[in-house]
Number of protein chains: 2
Amino acid sequence: MRMSELSSTTGATVPTLKFYLREQLLHAGERTSPNQAQYDESHVRRVRLVRALLEVGGLSVARAREVVAAVDAGTLPLSSVFGVAQRAVTVPAPLVDDAPTPTEGDRLVAQLCAARGWQVYPNNPGLALAARVLDTYAALGQERLHAVLEPYAEAADLVACADLAAVAAAPDETEMTNVVVVGTVLGDALFAGLRRIAQEAESFRRFPLPEGVPAPGSATTTDEDC
Amino acid sequence: MRMSELSSTTGATVPTLKFYLREQLLHAGERTSPNQAQYDESHVRRVRLVRALLEVGGLSVARAREVVAAVDAGTLPLSSVFGVAQRAVTVPAPLVDDAPTPTEGDRLVAQLCAARGWQVYPNNPGLALAARVLDTYAALGQERLHAVLEPYAEAADLVACADLAAVAAAPDETEMTNVVVVGTVLGDALFAGLRRIAQEAESFRRFPLPEGVPAPGSATTTDEDC
DNA sequence: ATGAGCAGATAGTAGCACTATCGATAGTTC
DNA sequence: GAACTATCGATAGTGCTACTATCTGCTCAT
């Protein structure tokens with residue numbers, strides 16, 4: 001197919017596709033002449049992936065480029081792909097050069113990892129991210145929120161197990177890579193959405209509205225313990 | 001204190017503080033003359049909150065303004081504050097005006113809510129977000145990832161229970177509002193961090209490295225089932 | 001053979017989160 | 001009381017990002 005068909009198939013405008021080509025988010029088509037090229041199904045898939053990463057995953061173009069490069073490499077060890085995907089979705093801390101001393105948050109996270117038997121490389125981006133949030137809680141005088149750490153960790157274990165099970169269910173290495181990338185980047189958004197729903201549902205359970213009929217959404221109010 | 005002291009206390013530059021004042025992220029100080037004002041502890045706390053929302057929570061200035069307005073209102077019903085906080089952290093879908101027809105993702109989410117007894121208003125932003133991600137999985141040919149929905153939902157319940165418990169532990173209504181806002185906005189980041197750690201740990205458990213010593217991070221490898 | 005489509009390149013746009021500067025005034029210090 | 005620094009409000013500018021527009025050749029179907 002040619003560019004205009006790629007455009008109509010994927011919904012991305014022709015200038016946007018050119019932009020993706022320039023930014024190396026999209027591999028070039030097969031040239032049929034100095035100014036003509038053919039695109040195929042792989043380009044359609046790539047454009048869909050890129051748009052999912054950018055729009056749903058909220059990645060920047062630069063991060064998305066790293067992710068598609070990892071997908072293209074194809075033969076990276078699985079842990080490397082995880083690393084790339086994880087780093088792509090993790091907003092970088094603003095580089096404090098003067099204080100690499102461990103904070104209280106670092107200590108809490110290390111303690112949690114030890115308690116749960118989580119063995120990870122010290123450059124795992126989640127370590128710094130979690131520690132940073134805990135430090136921010138403390139800076140805002142919300143140490144009370146440190147109490148969520150344990151249940152959050154339990155939930156993270158559940159989610160990670162599901163993630164890895166999905167990866168293991170993939171038929172081949174290429175598919176595994178795809179599952180890792182898509183699942184890691186979009187999984188954050190999926191979980192965030194479910195958390196919003198569960199929060200509201202739980203909020204109604206704990207603090208019922210006085211008289212108005214609350215949520216006509218679903219079934220009868222269950223009383224599962226929490 | 002005056003602006004320069006507020007600046008040195010919080011780490012935000014004077015121009016940045018002026019910007020926050022203009023953008024109504026920071027309430028004005030008490031005027032002592034036409035061009036002088038005094039700031040107090042409430043301003044320090046506010047600046048810290050704003051910076052946490054912007055830097056750690058990744059909110060835009062506009063979203064952060066909505067959040068601080070909700071905090072200032074102070075007397076909103078809890079569910080409203082949750083709504084504001086949730087909407088603030090949820091990236092809006094790009095407004096498809098032509099197709100409000102329920103997608104497969106909407107159907108899956110509704111089914112999940114019914115199964116779990118989650119009763120929520122249909123405008124809960126999590127509903128659309130989760131459905132959108134599921135549709136994106138399908139568009140990328142990764143329906144296999146739909147299998148994560150159940151464990152994710154279970155994990156979301158855990159997290160939401162912890163969230164609400166933290167809210168309930170707050171001593172008064174003002175504090176509750178703060179916990180909701182801070183917990184909702186930064187909680188996503190905290191969970192994302194823990195998920196990264198758990199993913200890597202689980203990845204090593206499922207796919208052990210051949211010979212190299214993997215993670216010198218923490219304790220001995222546990223074999224808790226997954 | 002002509003008009004639409006395409007490639008590559010350069011330049012422009014809109015939004016965001018600040019940042020710089022200015023003139024007028026206020027407090028502070030010598 | 002003069003010099004100096006700090007502040008206020010306002011306007012304008014900066015650097016970055018994710019596109020978007022336009023231009024110049026070319027090419028290919030009709």
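Below, read A as the first sequence line, B as the second, and so on, with proteins coming before strands; counting in each chain starts at 1.
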Using atom names, set out every protein N or O paired with an N or O of nucleotides 27-30 of chain C below 3.5 Å, distance rounded to 0.1 Å.
none

Ignoring hydrogens and angles, are the base of D:dC26 and the side chain of A:N35 linked by a donor-acceptor pair under 3.5 Å?
yes
Rounded to whole angstroms, how far apart are CG on A:L6 and P on C:dA7?
10 Å
I'd like to know if A:R107 and A:E104 make a salt bridge, using a cut-off of under 4.0 Å between side-chain N and carboxylate O.
yes
If I take atom CG in residue B:L53 and atom P in nucleotide C:dC18, what distance separates them, rounded to the nearest angstrom?
12 Å
At under 4.0 Å, does any side-chain N or O of A:R31 touch on OP1 or OP2 of C:dG8?
yes
Mind calculating the distance between CD (A:E30) and P (C:dC6) to the nearest angstrom?
17 Å
Give a yes/no on whether any side-chain N or O of B:Y39 is located under 4.0 angstrom from OP1 or OP2 of D:dT7.
no
Within this structure, what is the CD-to-C1' distance between B:E5 and D:dT7, rounded to whole angstrom?
14 Å
Whole angstrom value for the distance that separates C1' of C:dA17 from CZ of B:R63
16 Å
Begin with the C-alpha distance, continue with both residues' side-chain angles, and end with the deciding distance and a verdict on side chain to side chain donor-acceptor pair (under 3.5 Å) for A:T174 and A:T177.
CA-CA 5 Å; A:T174 308; A:T177 304; over 6 Å; no
Any N/O pairs under 3.5 Å between the protein and nucleotides 19-23 of chain D? List them or say none.
from   : atom 1 : to    : atom 2 : distance (Å)
D:dT20 : OP2    : A:T16 : OG1    : 3.1
D:dT20 : O4     : A:R22 : NH2    : 3.0

When B:L59 and B:P34 are each assigned the nearest nucleotide of DNA chain C, the 5'-most assignment goes to B:L59
Can you tell whether the side chains of A:D188 and B:R196 come within less than 4.0 Å, N to carboxylate O?
yes
Set out, line by line, the N/O atom pairs under 3.5 Å between protein and nucleotides 2-5 of chain D.
none

Would A:T13 and A:T16 satisfy side chain to side chain donor-acceptor pair (under 3.5 Å), going step by step from the backbone distance to the final call?
CA-CA 5 Å; A:T13 67; A:T16 297; 2.8 Å; yes
In whole Å, what is the span from the CD atom of B:Q38 to the P atom of D:dT7?
10 Å
Start with the C-alpha distance between A:R31 and A:Q38, add both sets of side-chain angles, then the distance that settles side chain to side chain donor-acceptor pair (under 3.5 Å), and finish with yes or no.
CA-CA 6 Å; A:R31 308 309 293 263; A:Q38 284 291 114; over 6 Å; no
